[in-house]
2 protein chains.
Amino acid sequence: MIKSSPKFRRESAAQRKETLILATLALIAQDGVRGATVRAIANRAEVSQGLIRHHFSSKEDLITAAYAHHMSHMTNLTTAPALTTGISAKARLEAFVATGLVPPVVDPGMVSLWASFLNKLRVDAKMREIHEQTYHDFRDRLEALIADALCEAGIATEPRALRRLAIACNAVIDGLWIEGGALPGAFEPGELPEIGLKSVGAIIGLELEYVGGWT
Amino acid sequence: MIKSSPKFRRESAAQRKETLILATLALIAQDGVRGATVRAIANRAEVSQGLIRHHFSSKEDLITAAYAHHMSHMTNLTTAPALTTGISAKARLEAFVATGLVPPVVDPGMVSLWASFLNKLRVDAKMREIHEQTYHDFRDRLEALIADALCEAGIATEPRALRRLAIACNAVIDGLWIEGGALPGAFEPGELPEIGLKSVGAIIGLELEYVGGWT
DNA sequence: TTCCTAATTATACGGTTGCATAATTACGGA
DNA sequence: TCCGTAATTATGCAACCGTATAATTAGGAA
């Protein structure tokens with residue numbers, strides 16, 4: 001008897017879950033939440049639709065997992081360059097701001113994805129929890145960078161004031177990131193990071209500069 | 001023959017359209033785009049579902065109209081106080097910034113609504129057009145206020161630099177507005193406008209202050 | 001009053017959705 | 001080698017979606 005090629009491959013739960021999550025994110029980024037149907041996701045991940053319910057208790061569960069995955073991914077993408085050792089605190093802050101304002105972080109798909117999730121915050125408590133945690137995580141990293149940069153410059157700052165600086169800087173970055181993604185082509189290349197650096201610098205009282213190399 | 005009470009009332013096209021638009025916005029704010037089905041909208045507006053297709057060529061058409069309505073509403077809400085005559089340019093700018101960062105502009109429903117529409121920008125060209133126009137309209141008003149305030153303070157600014165200041169200030173306001181709406185309770189009352197004024201002030205190089213009276 | 005017309009309702013249809021259930025099948029351990 | 005079991009597929013269903021069409025009805029014009 002000739003052994004025919006297997007009709008499917010078994011994979012670990014973790015791998016399958018990630019595959020499904022990535023397919024979900026790709027679909028939402030492309031067509032909005034509306035496009036992420038169970039059948040479309042299964043099709044994109046090249047599995048049957050029944051498999052989704054085998055790994056996730058409901059479609060809502062998958063969406064939530066995709067949200068968490070995406071948010072931590074974006075945070076890591078932005079944070080990574082700021083972890084470089086051997087450079088000044090000011091340089092790390094500059095890298096952090098600039099990285100968050102150029103592709104691939106600034107991207108229509110990313111913004112669309114983020115917006116799709118944002119309007120679920122009202123309804124879903126689990127989503128709200130994830131958002132809150134991600135937001136604070138991101139802001140805390142930013143606050144630490146600001147604190148280091150200010151300390152390095154010999155500027156003392158109270159915790160309360162520091163928190164507000166971080167909130168404000170986070171807001172500029174977010175705002176620029178959104179418009180950059182929502183209106184691609186409305187800004188010249190390199191304009192967004194330049195504006196971001198100048199603004200963040202003005203807010204915290206340091207002169208931050210645009211360093212080339214960010215494509 | 002006893003005349004029974006009429007089963008429905010005829011109204012002008014404009015009135016009906018607005019009723020339907022408001023019902024749509026209320027539903028989207030409450031349950032997200034997913035909740036704004038034709039039947040739900042008709043139910044909320046207390047009309048039959050067929051009426052929607054009588055006034056709008058499609059559901060998509062209604063959604064688009066609702067988006068335009070909502071955006072101009074928000075812009076007007078924020079802009080109104082800045083039109084006050086007889087006060088300094090700086091005071092008008094302060095009013096503009098502060099108004100946009102307190103209720104009813106800062107509100108979970110408003111943010112949810114805005115986010116719901118945002119993720120349609122990728123797909124729908126008409127939506128993108130409305131977004132672009134609204135964004136530029138808002139930013140232009142902000143830019144004019146900044147120009148006046150700087151001029152009043154005797155600070156000369158090039159058009160190119162002015163544009164970037166407006167982009168940056170717009171971003172701070174947007175970012176703060178979003179988080180204020182997405183995470184109600186995460187900020188103390190009055191904290192958002194205070195941070196917003198300080199940040200905008202730092203960016204453009206003026207000292208803006210929080211004036212009480214904004215509840 | 002009578003009639004005409006546009007606003008409104010009533011009803012139905014094809015397609016899609018998320019989910020449940022049962023039948024297959026890969027693949028590691030005995 | 002064989003077998004158990006969990007991963008995967010196949011199939012079906014009830015509910016809901018947007019839309020089309022025809023039947024009502026309000027309310028002004030003549």
Side-chain angles (χ1 to χ4, degrees), chain A residues 1-24 27-28 30-67 116 120 123-124 126-127, chain B residues 1-24 27-28 30-67 116 120 123-124 126-127:
Chain A
M1 184 100 83
I2 297 175
K3 194 168 189 176
S4 62
S5 66
K7 296 181 178 173
F8 58 86
R9 248 188 72 196
R10 294 187 150 196
E11 295 193 3
S12 72
Q15 268 181 328
R16 271 290 187 240
K17 281 195 173 187
E18 187 170 355
T19 302
L20 292 171
I21 285 175
L22 292 181
T24 305
L27 281 171
I28 295 182
Q30 185 181 329
D31 306 319
V33 228
R34 199 178 185 81
T37 68
V38 172
R39 283 166 181 80
I41 296 169
N43 194 47
R44 178 128 191 169
E46 293 181 326
V47 296
S48 75
Q49 53 174 307
L51 193 60
I52 290 176
R53 289 258 318 154
H54 185 259
H55 287 291
F56 296 93
S57 65
S58 72
K59 185 200 168 187
E60 213 52 32
D61 189 26
L62 168 56
I63 299 285
T64 304
Y67 179 50
S116 298
K120 293 209 163 203
V123 189
D124 195 327
K126 188 90 185 174
M127 286 273 192
Chain B
M1 184 100 82
I2 297 175
K3 193 167 192 175
S4 62
S5 65
K7 295 181 178 176
F8 58 85
R9 248 189 72 195
R10 294 186 154 200
E11 296 194 1
S12 74
Q15 268 181 327
R16 271 289 187 240
K17 281 194 174 190
E18 187 170 356
T19 303
L20 291 172
I21 285 175
L22 292 181
T24 305
L27 279 172
I28 295 183
Q30 185 182 327
D31 306 320
V33 229
R34 200 179 183 79
T37 69
V38 173
R39 285 165 179 81
I41 295 169
N43 194 46
R44 178 126 190 169
E46 293 182 326
V47 296
S48 74
Q49 51 173 308
L51 192 60
I52 290 177
R53 291 253 324 151
H54 185 261
H55 287 291
F56 296 93
S57 65
S58 71
K59 186 202 168 187
E60 213 52 32
D61 189 26
L62 168 57
I63 299 285
T64 304
Y67 180 49
S116 298
K120 293 208 164 209
V123 190
D124 194 328
K126 187 91 185 174
M127 286 274 191

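In this text, all values refer to a predicted model and were calculated from it rather than measured experimentally. Residue numbering restarts at 1 for every chain, and letters A, B, ... go by the order of the sequence lines. Hydrogens, waters and symmetry mates are skipped; everything else that's a heavy atom, side chains included, is used.
Put simply, the side chain of Tyr67(B) does not reach to within 4.5 Å of the side chain of Lys126(B), judged on heavy atoms. Inter-residue side-chain proximity for Val33(B) and Lys120(B) is flagged as met; some heavy-atom pair is nearer than 4.5 Å. Contact of the Val47(A) side chain with the Leu20(A) side chain is registered, since non-hydrogen atoms from C-beta on lie closer than 4.5 Å. Put simply, the side chain of Gln49(B) does not reach to within 4.5 Å of the side chain of Asn43(B), judged on heavy atoms. Looking at Arg44(B) and Gln30(B), their side chains come closer than 4.5 Å, going by heavy atoms from C-beta outward.
As rounded to whole Å, 10 Å separates atom P of dT9(C) from atom CG of Leu20(B). Rounding to whole angstrom units, NZ of residue Lys7(A) and C1' of dA10(D) are separated by 11 Å. Gln15(B) places its CD atom 12 Å from the P atom of dG27(D), with the value rounded to the nearest Å. The nearest whole Å value for the distance from the CG atom in Asp61(B) to the P atom in dG18(D) is 14 Å.
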Report all interatomic pairs (protein N or O, nucleotide N or O of nucleotides 16-18 of chain C) with separations under 3.5 Å.
| from | atom 1 | to | atom 2 | distance (Å) |
| --- | --- | --- | --- | --- |
| dG18(C) | OP1 | Lys59(A) | NZ | 2.5 |
| dG18(C) | OP2 | Val38(A) | N | 2.8 |
| dG18(C) | N7 | Arg39(A) | NH1 | 2.8 |
| dG18(C) | O6 | Arg39(A) | NH2 | 2.7 |

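Salt bridge status for Arg16(B) with Glu18(B): absent, with no side-chain N to carboxylate O gap under 4.0 Å.
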* When you check every protein heavy atom under 4.0 Å of nucleotides 3-8 of chain D, what one-letter string (B, S, -) results, 5' to 3'? -> ---BBB

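Separating the CD1 atom in Ile41(A) from the CD1 atom in Ile63(A) is a distance of 5.5 Å, to the nearest 0.5 Å.
A donor-acceptor pair under 3.5 Å is formed between the side chain of Lys59(A) and the backbone N or O of Ala36(A).
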